[in-house]
Every structure is written in C-alpha cells, then in structure tokens.
Amino acid sequence: MGCVTTYEQLAYDSFVRRRQASIGTTLPERVGPFEFDPADLALIRGADSFFLSTVTGAGWPYVQHRGGPRGFVHVLGERRLGWLEMAGNNQYVTTGNVDRDGRVAMFFIDYPTRTRLKVFGHAKVVELDEDPDLVAKLRDLGDREIRSKVLMAMVVDVVAADRNCTKHIKPRWDKEQVDERIDLYRADIRALREELEAVRVELQSARAELRDARKQQERGC
C-alpha cells in the first residue's frame with residue numbers, strides 16, 4: 001500500500017512535538033488509511049463557505065475565502081472534494097499556486113455548533129472544457145443549481161483531516177438559520193393558540209350547559 005500519511009505526520013514535526021511536550025501533552029498518532037467521519041462529511045456538505053490555504057512561489061502560506069450556496073462543496077468520493085471557482089478579483093493567486101504546488105489546507109467552520117474541521121489534500125484545477133460532466137455535477141445542488149458564471153473547477157484528493165475543539169468560537173447564525181428557528185417558534189405559538197381556542201370553546205360550551213342546568217333547576221323548584 002505504501003506509506004500512509006496521517007494528520008499528525010503532516011502537522012506535528014519535531015518543533016510542534018517539543019511544544020506539546022513542554023506542557024505535558026502527548027497526542028497519539030492515528031493509524032491506517034484516512035477515512036472521513038460521517039459527521040465531517042455532513043459539515044462539508046452543509047457548508048456555504050470555507051477558507052483555502054495554498055503555498056506561494058516564495059514559500060509563504062496564502063489564505064483565501066471560498067463561498068457559495070449551501071452545498072457548493074461536493075463530496076465526490078471517499079476522499080475527494082470538489083467545487084466550482086467563481087469570478088473573483090482576477091489575481092488568480094490561489095489557482096496559480098495550485099498549478100505549481102497542489103498542496104492545500106481547507107478550514108471549515110460551522111458556527112451554530114462551534115465545530116471546525118481542518119483538511120489537508122492535493123488540489124488540481126480542472127478547466128471547464130476539460131471535464132464538462134464534472135462541471136455539470138458540481139453545478140447540481142439537488143433542489144437547485146449554480147447558475148453563476150464560473151471560471152473552472154477545483155478538485156482536492158484528501159490526505160488527512162482533523163476536527164478541532166470548539167473553544168473560542170462564537171456561535172453565529174445566518175438569516176436562513178434564524179428564520180428556521182423563528183418558524184419553529186411560530187409553529188409552537190400557532191399550536192398553542194389553536195389549543196387555547198379549543199379550550200375557550202369548550203369552556204363556553206360548559207358555561208352554557210351550566211346556565212341551562214341552573215334554569216331547569218329553578219323551574220323545577
């Protein structure tokens with residue numbers, strides 16, 4: 001099978017391990033081939049943005065934001081992700097970096113659950129006319145499709161990933177998520193109002209029956 005590269009082998013060199021050891025931290029290394037956790041796949045499929053880090057020709061890290069409609073990052077296989085590149089500022093730093101050195105890191109954050117996921121992989125640019133079927137698949141979001149102008153596709157063969165702790169992430173919700181929660185409260189309010197109205201009707205009926213019973217009793221007397 002060859003050498004299996006783990007997240008720890010990519011992220012923890014001797015300097016990192018020395019820092020960890022200085023505070024008594026011993027982090028075990030995973031073994032075996034990489035597999036995504038189902039929860040991580042759900043986070044990726046539900047993302048509407050992530051941060052993408054590449055390596056410049058000068059050897060420096062370069063980070064860019066990638067965003068789109070929820071679900072724009074597709075899971076193309078057990079260890080492959082892909083998305084469409086939208087028009088930007090015409091600098092092409094990220095795509096140029098990938099052309100030279102495909103090593104990338106992706107950083108996903110789900111703010112409502114305070115979850116973050118780090119992904120290492122090898123990226124490549126796929127031109128629109130190079131694989132029309134792939135482009136069509138990446139446009140397809142199930143209930144809708146991406147109709148915006150796109151420049152190319154990006155595919156990442158994932159090497160390793162790690163879910164980080166939730167510390168220091170401030171929960172945030174977008175308008176759609178807030179509306180979903182408000183709709184739940186509205187549904188509860190409607191149900192309570194309907195229940196209250198049913199009780200009111202029953203109470204009016206009981207009062208009417210009670211008045212009728214009193215009248216009948218008075219006549220009998």
Side-chain angles (χ1 to χ4, degrees), residues 7 30 34-52 65-87 106-119 133-150 153 156 158 161-221:
Y7 175 85
R30 279 159 277 202
F34 167 75
E35 292 183 2
F36 268 120
D37 185 278
D40 295 339
L41 291 177
L43 188 155
I44 292 170
R45 289 189 175 106
D48 59 8
S49 69
F50 69 95
F51 295 94
L52 178 63
H65 172 268
R66 288 293 184 267
R70 196 172 302 279
F72 81 103
V73 180
H74 290 248
V75 178
L76 300 175
E78 291 183 357
R79 290 181 286 275
R80 175 169 284 193
L81 305 177
W83 66 91
L84 293 172
E85 288 282 296
M86 313 290 184
M106 305 169 69
F107 192 67
F108 294 87
I109 306 177
D110 182 58
Y111 288 100
T113 61
R114 302 169 63 215
T115 304
R116 50 189 169 188
L117 178 68
K118 298 168 291 185
V119 178
D133 290 340
L134 172 64
V135 173
K137 184 172 185 177
L138 296 178
R139 283 189 181 276
D140 185 8
L141 301 180
D143 59 342
R144 62 198 188 286
E145 68 176 29
I146 296 175
R147 296 184 179 273
S148 307
K149 179 182 177 181
V150 296
V156 175
V158 177
D162 184 61
R163 178 179 288 227
N164 220 177
C165 69
T166 61
K167 290 181 180 178
H168 314 303
I169 300 177
K170 185 174 182 179
R172 294 183 176 92
W173 292 266
D174 59 27
K175 183 179 183 302
E176 180 181 347
Q177 292 165 332
V178 171
D179 287 342
E180 287 177 359
R181 284 159 176 77
I182 290 177
D183 286 342
L184 292 175
Y185 289 124
R186 287 171 176 164
D188 287 342
I189 291 172
R190 283 195 299 269
L192 289 172
R193 284 177 174 171
E194 291 172 359
E195 184 178 342
L196 183 60
E197 178 62 18
V199 171
R200 188 182 67 79
V201 171
E202 289 180 5
L203 181 59
Q204 287 181 336
S205 177
R207 286 173 174 171
E209 291 177 1
L210 181 60
R211 284 195 299 269
D212 291 342
R214 286 176 176 173
K215 289 179 181 178
Q216 290 178 2
Q217 187 177 24
E218 289 173 357
R219 293 193 192 100
C221 293

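Being a predicted model, the structure only gives us computed values, none of them experimental.
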Tell me if the [atom1] atom of [X] is crowded by more than 12 foreign heavy atoms within 6.0 Å.
X      : atom1 : value
Arg207 : CZ    : no
Glu195 : CD    : no
Glu35  : CD    : no
Arg144 : CZ    : yes

Inset, instruction - Answer yes or no: is there a donor N or O on one side and an acceptor on the other, between the side chain of Arg30 and the main chain of Tyr7, under 3.5 Å? - result: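 No, because the side chain of Arg30 does not come within donor-acceptor range (under 3.5 Å) of the backbone of Tyr7.
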Legend entry - Short side-chain to backbone donor-acceptor contact, Arg70 and Gly46, under 3.5 Å: yes
Rounded distance (nearest 0.5 Å) linking atom [atom1] of [X] with atom [atom2] of [Y]:
X      : Y      : atom1 : atom2 : result
Arg139 : His74  : CZ    : NE2   : 10.5 Å
Lys118 : Ile109 : NZ    : CD1   : 11.5 Å
Leu117 : Asp40  : CG    : CG    : 4.5 Å
Leu52  : Glu85  : CG    : CD    : 7.5 Å
Met86  : Arg66  : CE    : CZ    : 10.0 Å
Arg200 : Ser205 : CZ    : OG    : 12.0 Å

Decide, yes or no, whether a salt bridge links [X] with [Y] under the criterion of side-chain N to carboxylate O below 4.0 Å.
X      : Y      : value
Asp140 : Lys137 : no
Arg147 : Glu145 : yes
Asp183 : Arg190 : no

Legend entry - Glu209/Arg211 under salt bridge (Lys or Arg N to Asp or Glu O under 4.0 Å): CA gap, chis, key distance, verdict: CA-CA 5 Å; Glu209 291 177 1; Arg211 284 195 299 269; over 6 Å; no
Inset, instruction - Please work out whether the ring planes of Phe50 and Phe72 are parallel, tilted or perpendicular, with thresholds of 30° and 60°. - result: parallel
Heavy-atom closest contact ([X] atom, [Y] atom, distance):
X      : Y      : value
Ala153 : Leu134 : CB-CD2, 4.4 Å
Leu141 : Pro69  : CD1-CG, 3.5 Å
Ser49  : Phe108 : O-CD2, 4.1 Å

Inset, instruction - Determine, stepwise, if the pair Val156 / Met106 fulfils side chain to side chain contact (heavy atoms under 4.5 Å, CB included). - result: CA-CA 10 Å; Val156 175; Met106 305 169 69; 4.1 Å; yes
Inset, instruction - Could you give me the CA-CA distance, side-chain angles and deciding distance for Asp110 and Arg163, then say whether salt bridge (Lys or Arg N to Asp or Glu O under 4.0 Å) is met? - result: CA-CA 11 Å; Asp110 182 58; Arg163 178 179 288 227; over 6 Å; no
Legend entry - Qualifying residue, where the test is side-chain contact (heavy atoms from CB on, under 4.5 Å) with Leu138 and the options are Leu76, Val150, Ile146, Val73: Leu76
Legend entry - Flag side-chain contact, heavy atom, 4.5 Å: Val75 against Phe36: no
Inset, instruction - Just do the side chain to side chain contact (heavy atoms under 4.5 Å, CB included) check on Lys170 and Tyr111 with the steps written out, would you? - result: CA-CA 7 Å; Lys170 185 174 182 179; Tyr111 288 100; over 6 Å; no
